[in-house]
Amino acid sequence: MTLATNSPDLLLAIRNRAHYTRGVSDDLLSPRPSTPAHDHLAGLNEEQRLAVETTEGPLLILAGAGTGKTRVLTTRFAHILLEGLAWPEQILAVTFTNKAAREMRERVSAILEKPVEGLWLGTFHSLCARMLRQHAPRLGLDRQFTILDADDQLRLLKQIMVAEKIDLKSAPPPQLLHHIQLWKDRALLPEDITAAHDVDFMNGRARHFYALYQTRLKELSACDFGDLMLHMVTIFRRYPEVLTQYHRRFRYILVDEYQDTNTIQYLWLRLLAKRDTQQPANIACVGDDDQSIYSWRGAEIANILRFEKDFPGAKVIRLERNYRSTPRILSAASGVIAHNEGRMGKTLRPGLEGEEGERISVINTPDSDDEARVVAETIRSLHGKNQSYGDMAILIRAGFQTRPFEESLMRSGIPYQVIGGMRFYERAEIRDGTAYMRALAHPADDLAFERIINVPKRGVGNIALSKLRQNARDRQLPLQATLQEQLAQGMIKGKAAATLSEFMACFDRARETLAKQGHVVAVEQLLEESGYLTMWREDQRSVEAAGRLDNLREMLRAIGEFATLEEFLEHIALVMDSDQLQNDTNRVSLMTLHAAKGLEFKTVFLPGWEEGLFPSQRSLDEGGQAALEEERRLAYVGLTRARERAFILHATSRRIYANWQDSIPSRFIDELPDEHVHVSEPTRKQNAAFGKSFWRRSQSSPASTTSFSRPLSVKKQIIVPLGATVKHSRFGEGVVLKADGERLTVNFEEAGMKTIMANFVEVVS
DNA sequence: TGGCTGTAAATTTTT
DNA sequence: TTTACAGCCA
């Protein structure tokens, strides 16, 4: 079961994004609405107040989990404006996510009791894009550059490698791309790469491909995400007058999540903050070294550790009073994180008077299915005690852990939402849709055009495409223009000739419409006439087709929120985040620990605390001690999400893909202070999860697996009799026609024939 | 060209 | 287990 059911909700989110209407509120910390001006400092504790009022000079605010970081940052922002220290356009405020930016904008407006205009507030990338739209010509780049997504990047790189006759197996393109990205994250241009940087991959040839890749990007007048930062830093370095212009503009700089900055973001900030004069910059960075969990994305925890050296005279303020969690949870989290060495040092203290709270429950289960079952049972029992589903979350280390939980939650009839995973703009239909738009708006955008030339099928295969590509390359023309020419000259034969002529005619007509009737009508017409919408309408086979059409319809509506196609495309490339969390929905949240940063729940379940999974063996193999510390920070992040209760689980045997693996409890469990832990005996309530249903368990011995070492658990198989009537959450009721183990073929009254896993249905009769 | 079949591989993913 | 992709044949 994927999120496909929820996709219209996701799509609704796009529209909201344009208006900045939503945000997460942590009630205790939110400023009370309708406070009169200058009351904005009321309710801040001493350190928070100091952090707000220390406006001049470099400042590092070390804000532990739940210490009111966001409140301090937004109040500080408002304070600067209210005190008349600067105009909104003189403040640069940088965040990592669009969600954080949106939230900050909303909260500042709330304090000021009016919308603030003219802010330079956004993510590193959106701010850089904004700057680069102005200065791109300095680097010989078109101001109208397109921003490529990850998929485009990979396709482009693959093409280059194929053209250079590289064996894609021995040198996987994703790995090469990763190397290039890491170089960009470190502000290294192709010419900066020396043999010393480039020894571990492709025999030192990687930099050659980096150079080719950059050249090709320029030819396409395109930027990838890394380029947005890289180009701006290059411009700042080469053209000091551009930098000076920004120095004059920005009087205050605010940076959120400083512990997650990578080298190039750090350089960008430093360039903007350091002036020629002796006067220190007014740069305030907020962060928590204990919550740095993105080193694998190039984040340099060193940036925060050496802040005082980078900005001499910097003040450091620690926010340690936690208003979120019970004292026990804080002590447990502190006990774990204390095992790390490279820390700034900081101890969370309870900010509110209150009970000590419950101990952390550590629960061992025989296997991963039992683990999921125990979690579902506990959720049900807590819900019976008046705890709302929305107050609970299951935080996992890796994506593959989701499945058993989805199954157990569904079986228990617990409403849940999966946060993260496939993001909105990653959906095939949305990417196709935007590719159509890009090809419409930018006839030279070859990557977009390639994506859609044969979607729906127009008889263009690999061979035809590579011929076209070759031809375009020879003539130095974009694909669209080349194709037009070839069609005009009758160089394309057979079925493809007619379909492609019609395809190109669609674009011509849509461009006319674009000029006359605006972009919404034009895009709709293009998707209609090109047969793209029809393709999904006629797709009877896939269950998702209807959802995809819904998504596309929502996308069309979303385009209307923007004045031009260009604006929409910029938005979808930069601002489209997976902001799926809706606090008002009464569902259990299931997400990775990474996705949980910044959120909080009354009850948190932390499954899979086993050596190898958490800490992840793979991380440890790659990063050694430093990686172990990062895993430990992840544990800390997980624990500190909980307000009242935390359950840690570990299974003796875990199914990973096909086979069972035995595992021992995570070392992080040993690191929890005993006095705050309660170890539960393994519970085995065989039938509880299934109630009075018709499920039967077969005792089929696990002959196919090698698990001599799993004496406690027997492979469970759900058997549904042929002819039984079953009920599915989406498809309604239907009759089982065929059963192949757990794989059922069901004829649903409404939805027709579907093949479906037994655990997704409930037996009715 | 495109559909079928067998094989290898499988973290985390703010933009 | 699922998924992606290369290689094969109609």
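Below, read A as the first sequence line, B as the second, and so on, with proteins coming before strands; counting in each chain starts at 1.
With C/dT2, B/dT14, B/dT12 as the candidates, the nucleotide lying closest to the side chain of A/Arg403 is C/dT2. For A/Phe96, the side-chain atoms get nearest to B/dT14 when compared with the rest of B/dT14, B/dG2, B/dT13. With B/dT14, B/dT12, B/dT15 as the choices, the nucleotide that has an atom nearest any side-chain atom of A/Tyr294 turns out to be B/dT14.
Atom CD in A/Glu406 sits roughly 14 Å away from atom C1' in C/dT1 (whole-Å rounding). As a whole-Å value, the separation of A/Asp185 CG from B/dT13 C1' is 12 Å. For the pair A/Asn454 CG and B/dT1 P, the interatomic distance rounds to 9 Å; values are reported in whole Å. Taking atom CD of A/Gln181 as the reference point, atom C1' of B/dT15 lies 10 Å away to the nearest angstrom. Going from atom CD of A/Gln153 over to atom P of B/dT15 covers 14 Å, rounded to whole Å. To the nearest angstrom, C1' of C/dC5 lies 13 Å from CG of A/Leu154. For the pair A/Met229 CE and B/dT15 C1', the computed distance is 10 Å after rounding to whole Å. When rounded to the nearest whole Å, the span between CE of A/Met131 and C1' of B/dT15 equals 16 Å.
Contact check, A/Thr97 against B/dT15: no side-chain N or O comes under 4.0 Å of OP1 or OP2. Remark: A/Asn98 is not in phosphate contact with B/dT14, judged by side-chain N or O atoms under 4.0 Å from OP1 or OP2. OP1 and OP2 of B/dT14 both lie 4.0 Å or more from every side-chain N or O belonging to A/Asn262.
Listed by chain and residue number, A/His178, A/Asp185 satisfy the side-chain contact (heavy atoms from CB on, under 4.5 Å) test with A/Leu182 (two or more places apart in sequence, or in another chain). Checked against side-chain contact (heavy atoms from CB on, under 4.5 Å), A/Ala464 has the following partners two or more places apart in sequence or in another chain: A/Val460. For the side-chain hydrogen bond (donor to acceptor under 3.5 Å, both in side chains) test, residues two or more places apart in sequence or in another chain that qualify with A/Tyr213 are A/Asp224. With sequence neighbours excluded, the residues satisfying side-chain hydrogen bond (donor to acceptor under 3.5 Å, both in side chains) with A/Arg641 are A/Gln291. Judged as a side-chain contact (heavy atoms from CB on, under 4.5 Å), and not counting sequence neighbours, the contacts of A/Glu629 are A/Asn340, A/Glu341, A/Gln625, A/Arg632, A/Arg633.
Using cut-offs of 30° and 60° on the angle between ring planes, the pair A/Trp296 and A/Tyr294 is tilted.
An aromatic stacking contact between A/Phe124 and the base of B/dT15 is absent, as defined here by ring centres under 5.5 Å apart and ring planes under 30° from parallel.
A/Thr592 comes within 4.0 angstrom of sugar-phosphate atoms only, judged by non-hydrogen atoms across all strands, and of no base. Looking at heavy-atom distances under 4.0 Å, A/Asp224 makes no contact with the nucleic acid at all.
No close placement of the A/His179 and A/Tyr210 rings is indicated, their centers lying 6.0 Å or farther apart.
Scanning atom types as modelled, one donor and one acceptor separated by under 3.5 angstrom connect the side chain of A/Arg297 and the base of B/dT15.
Shown for residues 457-470 of chain A: residues whose heavy atoms fall under 4.0 angstrom of DNA chain B, namely A/Lys457, A/Gly459, A/Val460, A/Gly461, A/Asn462, A/Ile463, A/Ala464.
Checked options A/Arg427, A/Arg451, A/Arg438, A/Arg548; the residue passing with A/Asp432 is A/Arg451 (criterion: salt bridge (charged side-chain N to carboxylate O under 4.0 Å, His left out)).
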